[in-house]
Amino acid sequence: GSVHSSVRTYVDPHTYEDPNQAVREFTREIDACHITIESVIGGGEFGDVCKGKLRMPGRLEMTVAIKTLKPGATEKNRLDFLTEASIMGQFDDPNVIFLEGVVTKSNPIMIVTEYMANGSLDTFLRNNDGKFTIIQLVGMMRGVASGMKYLSEMGFVHRDLAARNILVNESLVCKVADFGLSREIESDTTDGAYTTTGGKIPVRWTAPEAIAFRKFTSASDVWSYGVVMWEIVSYGERPYYNWSNQDVIKAVEKGYRLPPPMDCPEAIHQLMLDCWQKERSHRPKLTQIVKTLDKLIRAPELLRKLAKPRPHNFIDPSTPDMTSLSSVEDWLVSIKMDKYLNLFLAAGMSNMDQVRHLT
Ligand SMILES: CCCCn1c(-c2ccccc2C)cn2c3c(=O)[nH]c(=O)n(C)c3nc12
């Protein structure tokens, strides 16, 4: 029989008459005198992000992160700011950032969460380029997938999954954060997709159907998850490099996909490609992604075979005819026939002149 997941369904705060009602229902009010702000660690859309201490009666003092609402913010800013807290307050998962509470009865208004000592994942990776084993990197991917699995089981679509919106704690545990843009799946639309009013879309992380038709589903979150996998293996490289958003959209539409980063296991690049299937029903579910990653972590030998780096004008002086090989390879890749490369080589077809005689 079907296994009923133990999680409750998420309630979209926007369905409340009075959004303050959602805040009261899903968050715990903290008295500002229990909070000590120590330093500013970042900046957000609504104000500073700080590090500090939280002292709750009967509990040990704990280090926290605090989002503050800048003074002079409008009532709409305040409601949008607190909506994120109403969303986070409904979640309880080891790979989703934990909400300690909010300060709404004094100024500045604050959202208080657990403190993640290693900060946002993109910055953390760029500052530690090349320092982790592939098992550690796959462990990070697994954490993000597990958090996203929990959110999708809650019927929640993130819409802005990217390494910049993932936080890392002192034990390298990755947690999904930043619920500002998100919306719940609308139950009445046919495929449970969400149509939005054309908010700013992070193109290089977003699935084609979400860009083209503004349909956001857990399957479009899976597309974004594939890009996060690519960011992790490439230690925070910018997806599609310096291409323009329009070039990204056109290339992806024509079937281009990000190449495996350096030293990327073939099994990991294949999983990325599965997440980037054009047809969203062909993409793996997050439950399946977690299982696949668990299997790879338990059998590390499966990660030994590395994906072939795509030789773009890759001239290796030691093997002079490498240039001809790469052009045969590039030709086969461009017609999606690169799986027959070794047959062409076995038949002695290592340069395009020989291939031309074939036609
Ligand atoms: C991508 C999230 C950006 C805001 N934010 C949050 C956060 C995220 C959502 C709601 C409330 C807060 C305080 C925690 N932390 C942390 C943290 O725990 N540790 C950090 O080092 N940084 C930079 C953080 N930045 C945040």
Donor-acceptor pair, side chain of [X] and main chain of [Y], under 3.5 angstrom:
X: Asn95; Y: Cys174; answer: yes
X: Asn127; Y: Thr123; answer: yes
X: Arg55; Y: Glu61; answer: no
X: Gln354; Y: Gly348; answer: yes
X: Thr68; Y: Asp48; answer: yes
X: Gln21; Y: Glu17; answer: no
X: Glu114; Y: Phe98; answer: yes
X: Trp230; Y: Tyr225; answer: no
X: Arg142; Y: Val290; answer: no

Find out whether the Lys NZ or Arg CZ of Arg164 is both under 6.0 angstrom from the six-membered ring centre of Trp205 and within 45° of the ring's axis.
-> yes
Where [X] and [Y] come nearest, the two heavy atoms and their spacing:
X: Glu231; Y: Pro239; result: CG-CG, 4.1 Å
X: Lys51; Y: Ile41; result: CB-CG2, 3.8 Å
X: Arg159; Y: Pro202; result: O-CG, 4.3 Å
X: Ala177; Y: Leu167; result: CB-CD1, 3.7 Å

Between the side chains of [X] and [Y], is a donor N or O closer than 3.5 angstrom to an acceptor N or O?
X: Ser281; Y: Glu279; result: yes
X: Arg356; Y: Asn351; result: no
X: Ser86; Y: Thr83; result: no

Could you tell me which residues satisfy salt bridge (Lys or Arg N to Asp or Glu O under 4.0 Å) with Glu84, sequence neighbours excluded, listed by chain and number?
->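 By the salt bridge (Lys or Arg N to Asp or Glu O under 4.0 Å) rule, Glu84 matches Lys67.
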4.5 Å side-chain heavy-atom contact, [X] and [Y]:
X: Ile135; Y: Leu303; result: yes
X: Lys175; Y: Ile166; result: no
X: Leu271; Y: Leu293; result: yes
X: Arg257; Y: Lys278; result: yes

Answer yes or no: does atom OH of Tyr340 have more than 12 heavy-atom neighbours from other residues, nucleotides or ligands under 6.0 Å?
-> no
Is [Y] reachable from [X] through a run of I, L, V, M, F, W or Y residues, each pair having side-chain heavy atoms under 4.5 Å apart?
X: Leu172; Y: Val96; value: yes
X: Leu125; Y: Tyr240; value: yes
X: Ile297; Y: Leu286; value: yes
X: Tyr115; Y: Leu60; value: no
X: Val233; Y: Leu273; value: yes

Please test Asp221 against Ser218 for side-chain hydrogen bond (donor to acceptor under 3.5 Å, both in side chains), starting from the C-alpha separation and ending with a verdict.
-> CA-CA 5 Å; Asp221 275 352; Ser218 285; 5.0 Å; no
Flag the pair [X] / [Y] as yes when their ring centroid distance falls below 6.0 Å, and as no otherwise.
X: Phe124; Y: Tyr235; answer: no
X: Phe344; Y: Trp331; answer: yes
X: Tyr150; Y: Phe156; answer: no

Candidate list Ile66, Leu54, Val102, test side chain to side chain contact (heavy atoms under 4.5 Å, CB included), partner Ile30, passing option | Leu54
So Trp276 and His269, would you call those rings parallel, tilted or perpendicular, with 30° and 60° as cut-offs?
-> perpendicular
Is the shortest side-chain N to carboxylate O distance from [X] to [Y] below 4.0 Å?
X: Lys305; Y: Glu266; result: yes
X: Lys250; Y: Glu253; result: no
X: Glu209; Y: Lys215; result: no
X: Asp18; Y: Arg24; result: yes

